[in-house]
Amino acid sequence: MIRIRQAICEQLPQLKNACYALEVPVRRQQLQNAGRPTVEWVLPSAVAQQEGKLLNSLKNRFEEAYVENVQLVPSAGRSAAKIVFQLQPQVFVEQLLQTKGNASHPSPFAAEHIVVEYSSPNIAKPFHVGHLRSTIIGNVLANLHQHLGYRTTRLNYLGDWGTQFGLLALGVQLLNVSDKEMQLSPIETLYKSYVAANKAAEQNPEIAQQARDLFSALEEGTDKTMAHQWQQYRKYTVDDLSKVYSRLGVHFDIYEWESQYSQQHIQEVLEKLRISGLLQPEHDGREIVVVDGRRIPVIKSDGSTLYLARDIAALLERLSRFHFSRLLYVVDNGQADHFNALFKTSAALDDRLSLEQLQHVKFGRIHGMSTRQGKAIFLKDVLDEARDIMREKRNFSPTTRENYNLDDEHVCDILGVSAVLVNVLKQRRQRDHEFSWQQALQVNGDTGIKLQYTHCRLHSLLHNFSEVDLDDIKPDWKHFATEPADALDLLYALARFDQSIWQSKEQLEACVLVNYLFGLCNATSRALKRLPVKQEPSLQKQLQRLLLFYAAKRTLRQGMELLGLRPLDQM
């Protein structure tokens, strides 16, 4: 389909770079077109004002190789004007079902650099389910941009700075933590150390002062031994986090640390803020910026920097290093005021930067996600719980066949993670979400298990006909036009894949792609029921149906991988 979309856009200047925005109408509209394949472009308001001129320019413009007919449907009431492109049906079905890849075409977005900052846990606190939404939403958004041809950088900015890290360092000393203990379980060990130091500080004020002194030594670089230990702790933490990220289908191009922008590294930025008049002194010794009438502290009265100062320095340094077109921060709703201050202060300070380049991708909270034993602290516990529940469901299911070729632990882990990811990703991101194990692990509902099950069904069917060389079969529109309507329904569902990716990217909503995949699974299930292959006596029908189901599996697999899922062939 992408070749047809590009061909249309190449011949219509107003459609430049909008090939993904061409929409395949729903079934009811297709039936109005006598079942012939069409794509539509809903005209933007600026173009719609020139409907007459545009209609004249469309005449005799399109090659018959791709488009049979073009018509402009004028605006009516609330319905915007649109151009309807009636496609050559044989070319349409060939583009959708041919098994050999289309020749690659340069992406119109290759020059744009998108940086996505997501996950970003604080190493003094557990990597809990609150980080889950940032991690998996950010991963999907990065995947979507990369798929569309944007140059994409995935960035994880970990919190490892501030007074609380003096407490953490002190806790390590109080518990006498060995390097081996830290290496074996860094995240849990650092958390226990932090909790221990906090309790000690509550009972003894001198402990709190000791922690402040330790952090000052770390910030000023006077304690070389502790600085070296800190580097080791960070390395162990990344190694430990990578195990969880791997299970979630997540990876990063760059890990950065808040300590990279400690006070000694950002004096130049603070001085620029002062010279520009953006940083103003208060009577109590603090220094603040004024954003939308609010006085927001940047430097405390003791001269130490606050989080906003480090974020401004990080943002400007990234602008110089990445020359990004857009920078997306995937962080919860509660940080809206912080990012408003960050964006407006940074844009006012550096004229290379505009507010249009910066976006806070907000999301709501997840409630109710815990293990059966009670409140979960670590995300790893939740993923382990999902794996264990899936193992129980499979073991007690009367339809589960014993298969010694399967790694049961591996399959159950993938199914459990798929259930958790899809249950979260199918929600609108700004809404708070109540997590339910019962809903997440259903096979029949709209769940990650459903996506995996459909992929396995398609794999099994195609495996039974593995001796057939699909590359040698030419898709035939006339065949599908005479099949039950389920065949065309699945064809049109496949044709909507590109637009679902585009809409998901434009709205920064993973749920758009998730819901598309649910629809694809439903269309596939109906087609599998109405279009049998093994029982079909006609060889031609068998082969055409195999092509259709091969395309369904390929599209489902690609969509699942964009979500961070690992598609299974057997479950």
Side-chain angles (χ1 to χ4, degrees), residues 1-2 19-21 101 104 106-120 131-157 241-242 244-255 322 324-331 359-363 379 383 414 417-429 448 451-452 455 494 496-521 553-568:
M1 270 299 286
I2 195 63
C19 65
Y20 293 97
S104 59
S107 167
F109 314 113
E112 296 187 46
H113 187 188
I114 309 298
V115 177
V116 188
E117 182 197 297
Y118 57 106
S119 193
S120 303
H131 297 109
L132 176 63
R133 236 174 171 181
S134 172
T135 303
I136 62 177
I137 291 171
N139 185 55
V140 174
L141 297 184
N143 289 343
L144 291 171
H145 281 90
Q146 186 170 319
H147 175 86
L148 290 166
Y150 292 88
R151 191 155 59 94
T152 308
T153 298
R154 303 153 187 268
L155 194 152
N156 196 352
Y157 182 56
L241 284 172
S242 296
V244 177
Y245 289 141
S246 177
R247 293 173 74 181
L248 294 171
V250 171
H251 73 277
F252 295 92
D253 299 309
I254 297 171
Y255 283 90
F322 296 125
F324 55 77
S325 308
R326 289 183 78 200
L327 173 53
L328 308 179
Y329 292 86
V330 187
V331 183
Q359 184 157 1
H360 174 202
V361 183
K362 309 170 189 174
F363 58 85
L379 179 57
L383 299 184
I414 289 177
V417 170
S418 299
V420 171
L421 291 194
V422 172
N423 191 262
V424 175
L425 289 173
K426 74 179 184 180
Q427 318 295 330
R428 284 273 166 191
R429 62 176 160 80
L451 301 184
Q452 293 286 7
H455 189 269
L494 294 170
R496 291 189 192 94
F497 182 54
D498 293 327
Q499 76 192 51
S500 77
I501 289 174
W502 177 258
Q503 290 165 357
S504 200
K505 188 274 298 185
E506 284 289 279
Q507 298 174 34
L508 301 176
E509 285 281 11
C511 67
V512 174
L513 177 57
V514 174
N515 288 326
Y516 164 79
L517 293 177
F518 289 150
L520 177 62
C521 285
K553 182 193 173 191
R554 178 181 60 198
T555 304
L556 177 58
R557 182 181 193 89
Q558 194 171 19
M560 290 171 71
E561 288 172 344
L562 287 170
L563 297 179
L565 304 184
R566 291 171 286 173
L568 287 167

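Positions are given from 1, in the same order as the sequence printed here.
No side-chain heavy atom of Thr153 sits less than 4.5 Å from a side-chain heavy atom of Arg151. No side-chain heavy atom of Phe109 sits less than 4.5 Å from a side-chain heavy atom of Ser325. The closest side-chain heavy-atom distance from Leu556 to Leu517 is below 4.5 Å. Between His145 and Leu328 the shortest side-chain heavy-atom distance falls below 4.5 Å. At least one side-chain heavy atom of Val420 sits less than 4.5 Å from a side-chain heavy atom of Leu132. Proximity of Ser134 to Phe363: side-chain heavy atoms (C-beta onward) are separated by under 4.5 Å at one or more points. Residues Arg154 and Asn143 form a side-chain contact, since some pair of their non-hydrogen atoms from C-beta on lies under 4.5 Å apart. Residues Leu563 and Leu425 are in side-chain contact: their nearest non-hydrogen atoms beyond the backbone lie under 4.5 Å apart.
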Check: Between Leu241 and Phe252, is a side chain to side chain contact (heavy atoms under 4.5 Å, CB included) present by the stated rule, with each step listed?
Finding: CA-CA 11 Å; Leu241 284 172; Phe252 295 92; over 6 Å; no
Notebook entry, point to check: Tyr516 and Trp502: ring pair (Phe, Tyr, Trp, His ring centres under 6.0 Å), yes or no, with the steps?
Noted result: CA-CA 12 Å; Tyr516 164 79; Trp502 177 258; over 10 Å; no
Next item on the list: Apply side chain to side chain contact (heavy atoms under 4.5 Å, CB included) to the pair Ile254 and Tyr157, showing each step before the final yes or no.
Entry: CA-CA 8 Å; Ile254 297 171; Tyr157 182 56; over 6 Å; no
Notebook entry, point to check: Can Asn156 and Tyr245 be said to form a side chain to side chain contact (heavy atoms under 4.5 Å, CB included), step by step?
Noted result: CA-CA 11 Å; Asn156 196 352; Tyr245 289 141; 3.0 Å; yes
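Of the possible donor and acceptor atoms, one in the side chain of Ser107 sits under 3.5 Å from a partner among the backbone N and O of Leu148. The closest donor-acceptor contact from the side chain of Gln452 to the backbone of Arg566 lies under 3.5 Å. A donor-acceptor contact shorter than 3.5 Å links the side chain of Ser418 to the backbone of Ile414.
The line from NZ of Lys426 to CG of Leu451 is 10.0 Å long, rounded to the nearest 0.5 Å. Note that NE2 of His360 is 10.0 Å distant from CD of Glu117, once rounded to the nearest 0.5 Å. To the nearest 0.5 Å, the span separating NZ on Lys362 from CZ on Arg429 amounts to 8.5 Å. Atom CD of Glu561 and atom CZ of Arg557 lie 5.0 Å apart (nearest 0.5 Å). Between the CD atom of Gln427 and the CD1 atom of Ile137 there is a distance of 10.0 Å, given to the nearest 0.5 Å.
Here the rule is side-chain contact (heavy atoms from CB on, under 4.5 Å) with Tyr118, and of Val331, Val250, Leu141, Leu155 only Val250 fits it. Among the candidates Val330, Leu248, Val424, Leu379, the single residue satisfying the side-chain contact (heavy atoms from CB on, under 4.5 Å) test with Thr135 is Leu248. A side-chain contact (heavy atoms from CB on, under 4.5 Å) with Leu144 is found for exactly one of Asn139, Val512, Leu513, namely Leu513.
Taking both residues in full, the closest heavy atoms of Glu509 and Ser504 are given as O-OG, 2.5 Å, listed atom of the first, atom of the second, then distance. Shown here for Leu421 and Gly564, the closest heavy-atom pair between the two residues is CD1-O, 4.2 Å. Closest heavy-atom contact between Leu508 and Arg326: CD1-NH2, 4.4 Å. Closest non-hydrogen pair, Arg428 versus Cys511, comes out as NE-SG, 3.9 Å.
The ring pair (Phe, Tyr, Trp, His ring centres under 6.0 Å) test applied to Phe324 returns no partner, not counting sequence neighbours.
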